[in-house]
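Take a look at the structure set out below.
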Amino acid sequence: MLALNTLISSLFESANSVATSASTAVKPSPPSHLRPKTAYNAIWISDLHLGSKDCKAELLLDFLNSSDIKLLYLVGDIIDVWALKKQVFWPDSHNRVLQKLLSLAKAGTKVVYVPGNHDELVKQYHGFHLWDFSVEREYVHTTKLGQRLLIVHGDQFDSQVSVGASLTKLGDKLYDVLLLLNRQLHLIRQRLGYPYWSLASYIKQRVGKAQHAIGLYRQAVVRFGVERGVDGVVCGHIHQPELSLHQGVIYANDGDWVENCTVFAESCSGELQLLRWDEASRATELISSVMLSGQRPQRQVA
């Protein structure tokens, strides 16, 4: 554990020193920086899994460089400590993502970090201001229109998504294989000049057991929101982006940057949006949105 703490600290310190230096500030990719940036009141991202071979770091950098963000919420599994335990994998693109996040904080973006299960060791710093990030176990965001959104990673709901120990273990193994296939397909498509497309997400949406587990997870999150008396819950964890309404509670799962390349956003007008980054157009696509009108959210699907 001490060695891992040292490793994570050194990664942050190294990225922080670069972000601090104006002469070596992280520069946007040429195609993105020529376009006007899209302004957001708040952005939620999770499950980056920096340190994992499945992280889509370059695509995330494109999104961050094309955005002007007032509030940034890191909703867990930012660094994949589990993957780093098995093998230290830290390419330049992952370091540049970390540098970009730190440089945003230094430039005035408020950054709140709510750790997940893959970066659980950061939880010990909750309540502290670390690397210009505020570290919290959970956090409540108040929208421009006054609604309260509770932010958690979502791993605390695993015990309520019980599909049996054997099925869970088998599912984990199959998911690893699926991510491997997803990674190989992405490499092939890149060589052929095609943009990113998620095989993993495509298959998950068509497997009944996976959809059943996702439904149980959604129910647990909504129940938690009702119990806490908030207007909505923002989470990640299961790599399944969704923006929907249940029992008067907004369920906002911001997705991931392993399969889906998605973010949850609050626009400057107060609209809540689930967005996907499209590599081909180098812009976001609207998946669905919720416009908070008084106390009655209204859902729209793109």
(request) Kindly indicate whether the side chain of Ser198, heavy atoms from C-beta on, has any atom under 4.5 Å from the side chain of Asn182. (result) yes

(message) Within this structure, what is the CG-CG distance for the pair Leu245 and Leu243, rounded to the nearest 0.5 Å?
(response) 7.0 Å

(request) Flag yes if Leu286 and Phe63 sit in one hydrophobic cluster, no otherwise; membership is Ile, Leu, Val, Met, Phe, Trp, Tyr, and two members link when side-chain heavy atoms are under 4.5 Å apart. (result) yes

(message) I'd like to know if the side chain of Thr109 and the backbone of Ile69 have a donor-acceptor N/O pair within less than 3.5 Å.
(response) yes

(request) Taking Glu279 for its side chain and Pro195 for its backbone only, find out whether a donor-acceptor pair lies under 3.5 Å. (result) no

(request) Determine the minimum heavy-atom distance between His141 and Leu71, stating which atoms define it. (result) CE1-CD1, 3.5 Å

(request) Kindly give the heavy-atom pair with the smallest separation between Tyr40 and Ile43, and that separation in Å. (result) CG-CD1, 3.7 Å

(request) Identify, with sequence neighbours excluded, every residue that meets ring pair (Phe, Tyr, Trp, His ring centres under 6.0 Å) alongside His49. (result) His118, His239

(message) A side-chain contact here means heavy atoms from C-beta on lying under 4.5 Å apart; do Ile214 and Gln211 qualify?
(response) yes

(message) With rounding to the nearest 0.5 angstrom, report the CZ to CD distance, Phe224 to Glu227.
(response) 7.5 Å

(request) Please check if Tyr196 and Leu192 belong to a single hydrophobic cluster, counting links between Ile, Leu, Val, Met, Phe, Trp and Tyr side chain heavy atoms closer than 4.5 Å. (result) no

(request) Kindly indicate, with the supporting measurements, whether the criterion side chain to side chain contact (heavy atoms under 4.5 Å, CB included) is fulfilled by Lys56 and Trp277. (result) CA-CA 11 Å; Lys56 305 299 182 290; Trp277 182 255; over 6 Å; no

(message) Between Leu59 and Trp257, does the side chain to side chain contact (heavy atoms under 4.5 Å, CB included) criterion hold? Intermediate values first, please.
(response) CA-CA 8 Å; Leu59 301 184; Trp257 288 83; 4.0 Å; yes

(message) A side-chain contact here means heavy atoms from C-beta on lying under 4.5 Å apart; do Glu120 and Val81 qualify?
(response) no

(message) Check whether Glu266 reaches the backbone of Lys144 with its side chain - one donor and one acceptor, N or O, closer than 3.5 Å.
(response) yes

(request) Please report the shortest heavy-atom distance between Gly51 and His94, naming the atom on each side. (result) N-ND1, 2.9 Å

(request) Answer yes or no: is there a side-chain heavy-atom contact under 4.5 Å between Leu72 and Leu104? (result) yes

(request) Could you list the residues that satisfy side chain to side chain contact (heavy atoms under 4.5 Å, CB included) with Asp132, not counting sequence neighbours? (result) Asn16, Ala105, Lys106

(message) Taking Leu149's backbone N and O only, do any of them form a donor-acceptor pair with Asp231's side chain (distance below 3.5 Å, no angle check)?
(response) no

(request) Kindly give the heavy-atom pair with the smallest separation between Asp158 and His237, and that separation in Å. (result) OD1-NE2, 2.8 Å

(message) Can you confirm whether the side chains of Tyr113 and Asp119 place a donor and an acceptor under 3.5 Å from each other?
(response) yes

(message) Going by side chain to side chain contact (heavy atoms under 4.5 Å, CB included), name the residues that satisfy it together with Lys53, two or more places apart in sequence or in a different chain.
(response) Gln87, Phe89, Arg183

(request) Using modelled atom types only, decide if a donor and an acceptor are shared between the side chain of Asp77 and the backbone of Asn117 within a distance under 3.5 Å. (result) yes

(message) As a quick check of understanding, evaluate side chain to side chain contact (heavy atoms under 4.5 Å, CB included) for Asn253 and Phe264, giving each step before the final call.
(response) CA-CA 7 Å; Asn253 193 307; Phe264 178 54; over 6 Å; no

(request) Answer whether the closest heavy-atom distance between the side chains of Arg218 and Val221 falls below 4.5 Å. (result) no

(request) Would you name the heavy atoms of Leu199 and Leu181 that are closest together and state the gap between them? (result) CD2-CB, 4.0 Å

(request) Please check if Tyr194 and Tyr202 belong to a single hydrophobic cluster, counting links between Ile, Leu, Val, Met, Phe, Trp and Tyr side chain heavy atoms closer than 4.5 Å. (result) no

(message) Could you tell me if the side chain of Trp131 sits less than 4.5 Å from the side chain of Leu101, heavy atoms only?
(response) no

(message) Would you compute the distance between atom OH of Tyr125 and atom CZ of Phe133 and round it to the nearest 0.5 angstrom?
(response) 14.5 Å

(message) Students often mix this up, so state it plainly: with edges at 30° and 60°, are the rings of Tyr73 and Trp44 parallel, tilted or perpendicular?
(response) parallel

(message) Is there a path of hydrophobic side-chain contacts, each under 4.5 Å between heavy atoms, that joins Trp82 and Ile238?
(response) no

(request) State the CD-OG1 distance between Gln273 and Thr284, to the nearest 0.5 angstrom. (result) 7.5 Å

(request) Write down the atom of Glu136, the atom of Gly127, and the distance for their closest heavy-atom approach. (result) OE1-N, 4.2 Å

(message) Working to the nearest 0.5 angstrom, can you tell me the gap between Glu242 CD and Cys235 SG?
(response) 9.0 Å

(message) Quick check: is Leu61 connected to Trp90 through a chain of hydrophobic side chains (ILVMFWY, heavy atoms under 4.5 Å apart)?
(response) yes

(message) What I want to check is whether the side chains of Ser201 and Glu259 have a donor and an acceptor closer together than 3.5 Å.
(response) no

(request) Could you grab the distance from atom CD of Gln184 to atom CZ of Arg189, nearest 0.5 Å is fine? (result) 14.5 Å

(request) Start with the C-alpha distance between Ser67 and Lys37, add both sets of side-chain angles, then the distance that settles side chain to side chain contact (heavy atoms under 4.5 Å, CB included), and finish with yes or no. (result) CA-CA 5 Å; Ser67 305; Lys37 292 187 176 184; 5.9 Å; no

(request) Look at atom NZ of Lys123 and say whether more than 12 heavy atoms of other residues, nucleotides or ligands are closer to it than 6.0 Å. (result) yes

(request) For the residue pair Leu274 and Val290, establish whether any side-chain heavy-atom pair is separated by less than 4.5 Å. (result) no

(message) Could you check whether Arg228 pairs with Glu138 (Lys NZ or Arg NE/NH1/NH2 to Asp/Glu carboxylate O, under 4.0 Å)?
(response) yes

(message) Is it the case that the side chain of Thr262 and the backbone of Asp254 share a donor-acceptor pair, with hydrogens and angles ignored and the cut-off at 3.5 Å?
(response) yes

(request) Please examine the side chains of Leu179 and Val258, heavy atoms only from C-beta on, and report whether any two atoms are closer than 4.5 Å. (result) yes

(message) Any carboxylate oxygen within less than 4.0 angstrom of a Lys/Arg side-chain nitrogen, looking at Lys204 and Asp256?
(response) no

